[in-house]
Colleague: 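This is the structure I have questions about; it appears just below.
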Amino acid sequence: MAHSLILWLIFSLALFAIGLYGFLTRRSAVGLLIAIELMLNAATVQFVVLGRRFHFADAANSLAAGSSNEKMIEGLIVSGLDGQIMAIFAMALAAAEVMIGLAILVMLFRELRTVDLNKINHLRH
Amino acid sequence: MTDTLFAFFIVLSLLLAVLSVTTPHLLRSVVYLMGVLVISAGLYLLIGAELLAGLQVLVYVGGIVVLLVIAVMLTQTEEITEDRAPTKKKILAALVSLAFFLVGAGTLIASPFKQDVVALKTDVSIAQIGLTFLDAGGRGYLLPFELISLLLLSVLIAGIVIARKENP
């Protein structure tokens with residue numbers, strides 16, 4: 001069960017959908033950022049998993065068809081390197097985005113004394 | 001053994017995520033999010049991405065969760081201590097996310113991803129990841145690496161500039 005790709009993908013999709021529910025429901029801006037972190041984490045899991053998948057059907061078919069092209073068969077067995085590197089980039093971007101979001105939030109809170117998103121509905125005060 | 005571990009991780013992770021988005025107390029929400037992130041690190045260990053598991057705990061749990069806790073405590077007011085949404089909004093949001101999940105899951109099941117498998121052993125070493133980051137060739141990631149360094153520097157400066165007190 002841990003080997004099937006589709007289960008990993010559906011699990012990370014479910015995490016993303018739960019984060020989406022939180023994103024649409026939250027009234028406080030910090031709660032919104034928490035939901036965004038959940039969604040980013042789900043996408044990162046998907047990066048890592050898709051970086052490590054094997055498409056056995058293709059490799060088996062090309063071997064059966066007598067292909068001795070080593071490069072082509074090697075290209076079907078994906079090393080996990082690219083997925084991990086993309087996940088590292090995604091993590092750095094998540095950290096950067098949370099930092100900017102919180103800086104803006106702190107400044108907004110200093111001006112308006114509230115982070116209630118129903119009340120922050122003007123572009124300038 | 002990996003199967004039971006995988007099932008346990010998945011069930012616990014989904015449960016903690018649902019708790020995180022539905023609880024009205026923001027501090028509890030952050031702690032549940034930390035639980036989800038730690039379980040994700042466990043999943044990365046299961047799939048053989050060891051550097052990523054360590055980085056997940058270091059960056060996400062040790063950095064972002066701490067920052068969120070500080071933000072929750074800094075932006076507390078007396079009028080809104082709990083974060084409840086009206087029921088109509090909750091039902092609509094649940095419908096939207098359920099529809100998104102069903103469409104996505106349906107597309108995935110109907111796709112050729114159905115018969116793919118995931119390898120659970122490690123095949124990249126940390127040295128290999130580091131060398132690929134500094135590789136200026138065709139399959140290297142030198143340019144995104146430099147760009148993300150610039151991005152992090154600019155985010156640092158921007159955060160300080162945005163949130164500092166203006167001197168009167």
Side-chain angles (χ1 to χ4, degrees), chain A residues 1-6 8-11 13-15 17-22 24-31 33-35 37-38 41 45 48-49 52-57 79-81 84-85 87-89 91-96 98-100 102-107 109 113-116, chain B residues 2-3 6 10 14 17-18 20-21 26 29-30 33 36-37 40 43-44 47-49 52 55 59 63-64 67-68 71-72 74-75 77 80 83 85 89-90 93-94 96-97 100-101 104-105 108 113-120 123-124 128-129 132 141 144 148 151-152 155 158-159 162-163:
Chain A
M1 182 169 66
H3 282 278
S4 80
L5 175 73
I6 199 84
W8 282 88
L9 290 182
I10 290 187
F11 158 68
L13 193 68
L15 267 186
I18 292 173
L20 187 66
Y21 170 78
L24 293 171
T25 309
R26 284 296 192 185
R27 195 168 133 213
S28 159
V30 182
L33 279 174
I34 293 173
E37 280 311 305
L38 211 52
N41 182 51
V45 165
V48 175
V49 155
R52 198 71 188 99
R53 70 172 179 99
F54 285 51
H55 197 161
F56 271 144
S79 139
L81 185 66
Q84 287 191 40
I85 290 186
I88 292 179
F89 282 135
M91 244 183 246
L93 281 172
V98 161
M99 200 186 133
I100 285 287
L102 287 178
I104 293 180
L105 213 64
V106 161
M107 190 195 63
F109 182 73
R113 307 306 301 177
T114 180
V115 281
D116 187 354
Chain B
T2 49
D3 277 356
F6 180 62
I10 281 191
L14 287 174
V18 167
S20 169
V21 297
L26 280 180
S29 174
V30 173
L33 177 76
V36 171
L37 296 174
S40 282
L43 283 172
Y44 290 154
I47 207 174
L52 215 55
L55 277 183
V59 170
I64 293 182
L67 214 56
L68 281 172
V72 163
L74 273 184
T75 57
T77 53
I80 165 175
D83 190 352
K89 193 169 169 192
K90 276 199 234 193
V96 165
S97 56
F100 169 77
F101 173 70
L108 279 175
F113 276 143
K114 192 124 182 273
Q115 55 255 39
D116 287 0
V117 294
V118 177
L120 293 186
D123 74 332
V124 278
Q128 210 173 337
I129 294 181
T132 313
Y141 285 89
I148 212 153
L151 177 86
L152 286 175
V155 157
I162 288 177

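Numbered from 1 within each chain, the chains take letters A, B, ... in sequence-line order.
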Colleague: Between atom CG of A/Leu13 and atom CG of B/Leu108, what is the distance when rounded to the nearest 0.5 Å?
Modeller: 6.0 Å

Colleague: Distance from A/Ile10 atom CD1 to B/Ile10 atom CD1, nearest 0.5 Å?
Modeller: 10.0 Å

Colleague: Shortest non-hydrogen contact from A/Ile100 to B/Ala158?
Modeller: CD1-CB, 3.8 Å

Colleague: Could you tell me which portion of B/Leu67 (side chain, backbone, both or neither) has an atom closer than 4.5 angstrom to a non-hydrogen atom of chain A?
Modeller: both

Colleague: Heavy atoms only: give me the nearest B/Gly159-A/Met99 pair and the separation to one decimal.
Modeller: CA-CE, 4.1 Å

Colleague: With a 4.5 angstrom heavy-atom cut-off, could you sort out which part of B/Val30 is near chain A: side chain, backbone, both or neither?
Modeller: both

Colleague: Given side chain to side chain contact (heavy atoms under 4.5 Å, CB included), test A/Tyr21 with B/Lys90 step by step and report yes or no.
Modeller: CA-CA 8 Å; A/Tyr21 170 78; B/Lys90 276 199 234 193; 3.4 Å; yes

Colleague: Of all of A/Asn41, A/Ile6, A/Val30, which one pairs up most often with chain B through heavy atoms under 4.5 Å apart?
Modeller: A/Asn41

Colleague: Please determine whether side chain to side chain contact (heavy atoms under 4.5 Å, CB included) holds for the pair A/Leu93 and B/Leu151, giving the CA-CA distance in whole Å, both sets of side-chain angles, and the decisive distance to 0.1 Å.
Modeller: CA-CA 8 Å; A/Leu93 281 172; B/Leu151 177 86; 3.2 Å; yes

Colleague: Looking at A/Leu105, A/Val106, A/Leu81, which has the largest count of heavy-atom pairs under 4.5 Å with chain B?
Modeller: A/Leu81

Colleague: Just do the side chain to side chain contact (heavy atoms under 4.5 Å, CB included) check on A/Val45 and B/Tyr44 with the steps written out, would you?
Modeller: CA-CA 8 Å; A/Val45 165; B/Tyr44 290 154; 3.6 Å; yes

Colleague: What distance do A/Trp8 atom CH2 and B/Phe6 atom CZ have between them, rounded to the nearest 0.5 Å?
Modeller: 5.0 Å

Colleague: Closest heavy-atom contact between B/Leu152 and A/Ala92?
Modeller: CD2-O, 4.0 Å

Colleague: Side chains of A/Phe11 and B/Leu43, heavy atoms from C-beta outward: is any pair under 4.5 Å?
Modeller: yes

Colleague: Counting heavy-atom pairs closer than 4.5 Å to chain B, which one of A/Gly19, A/Ala87, A/Ala14 comes out on top?
Modeller: A/Ala14

Colleague: Would you mind reporting whether A/Ser28 and B/Leu26 have side-chain heavy atoms less than 4.5 Å apart?
Modeller: yes

Colleague: Closest approach of B/Leu74 and A/Phe109, non-hydrogen atoms and distance?
Modeller: O-CE2, 3.3 Å

Colleague: Given heavy-atom pairs under 4.5 angstrom as the criterion, report whether the side chain, backbone, both or neither of B/Ile129 touches chain A.
Modeller: both

Colleague: Taking side chain as everything from C-beta outward and backbone as N, CA, C, O, which of these in A/Leu102 sits under 4.5 Å from a heavy atom of chain B? Side chain, backbone, both or neither.
Modeller: side chain

Colleague: Output the option from B/Val96, B/Thr2, B/Leu14 having the highest count of non-hydrogen pairs under 4.5 Å with chain A.
Modeller: B/Leu14

Colleague: Nearest 0.5 Å, what's the CD1-CD1 distance between A/Ile88 and B/Ile148?
Modeller: 10.0 Å

Colleague: Taking atom OG of B/Ser40 and atom CG of A/Leu15, what is their separation to the nearest 0.5 Å?
Modeller: 6.5 Å

Colleague: Walk me through it: do A/Thr25 and B/Lys89 pass the test side chain to side chain contact (heavy atoms under 4.5 Å, CB included)?
Modeller: CA-CA 7 Å; A/Thr25 309; B/Lys89 193 169 169 192; 5.5 Å; no

Colleague: Side chain, backbone, both or neither: which part of B/Leu33 has an atom under 4.5 Å from a heavy atom of chain A?
Modeller: side chain

Colleague: Only one of B/Thr132, B/Val124, B/Leu52 passes side-chain contact (heavy atoms from CB on, under 4.5 Å) with A/Ile85; say which it is.
Modeller: B/Thr132

Colleague: Nearest 0.5 Å, what's the CD1-CD distance between B/Ile64 and A/Glu37?
Modeller: 4.0 Å

Colleague: Give the minimum heavy-atom separation between A/Arg26 and B/Ser20, together with the two atoms involved.
Modeller: NH2-O, 2.8 Å

Colleague: Would you check if A/Leu24 and B/Ser97 make a side-chain contact, meaning some heavy-atom pair closer than 4.5 Å?
Modeller: no

